[in-house]
Amino acid sequence: FASVTNNLFIATPIAATLITELAKSGVGVIDGQFFPKMAVPGFRISIKDKQTNRLFLKKLALAIRKLSRLRYIGNTSK
């Protein structure tokens with residue numbers, strides 16, 4: 001099947017925290033630990049369609065905003 005959406009590996013030092021936060025909103029991702037040659041922490045996600053892709057991007061933005069407020073990451077409102 002042809003893909004019309006993001007197939008991403010998101011590298012971040014707070015991958016485990018972000019994965020947990022995404023899971024709370026019903027988003028499942030693949031922990032980067034399952035990719036033994038990856039030198040950085042992160043996670044991968046493959047999305048099936050545009051609608052799901054947009055929903056993921058919204059939930060990712062919400063998770064980042066929440067973690068920013070909790071001071072897990074720097075301010076993202078620049």
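- In this structure a side-chain-to-backbone donor-acceptor pair under 3.5 Å is present from Thr20 to Ala16.
- Taking CD from Glu21 and CD1 from Ile14, the interatomic distance works out to 9.5 Å, rounded to the nearest 0.5 Å.
- Listed here is the closest heavy atom pair of Ile45 and Gly28: CD1-O, 4.0 Å.
- We find the NZ-CG distance between Lys59 and Leu57 to be 12.0 Å, quoted to the nearest 0.5 Å.
- The shortest side-chain heavy-atom distance between Val29 and Leu22 falls under the 4.5 Å cut-off.
- Summarising the geometry of Pro41 relative to Pro13, their closest heavy-atom pair is CG-CA, 3.9 Å, with the distance given to 0.1 Å.
- For the pair Ile30/Phe9, no side-chain contact is recorded, criterion being any heavy-atom separation below 4.5 Å from C-beta on.
- Side-chain contact between Phe56 and Leu8: present, with at least one pair of heavy atoms (C-beta onward) separated by less than 4.5 Å.
- Residues Asp49 and Asn53 are not in side-chain contact: their nearest non-hydrogen atoms beyond the backbone lie 4.5 Å or more apart.
- Note that OG of Ser25 and NZ of Lys66 are 9.5 Å apart. Values are rounded to the nearest 0.5 Å.
- Atom CD1 in Ile64 sits 7.0 Å away from atom CD1 in Ile10 (nearest 0.5 Å).
- Among all heavy-atom pairs drawn from Ala11 and Val40, the shortest one is CB-CG2, 3.7 Å.
- The closest side-chain heavy-atom distance from Arg44 to Ser46 is below 4.5 Å.
- In this structure the side chain of Val27 never reaches within 4.5 angstrom of the side chain of Leu55, judged on heavy atoms.
- A heavy-atom distance below 4.5 Å is not found between the side chains of Asp31 and Phe43.
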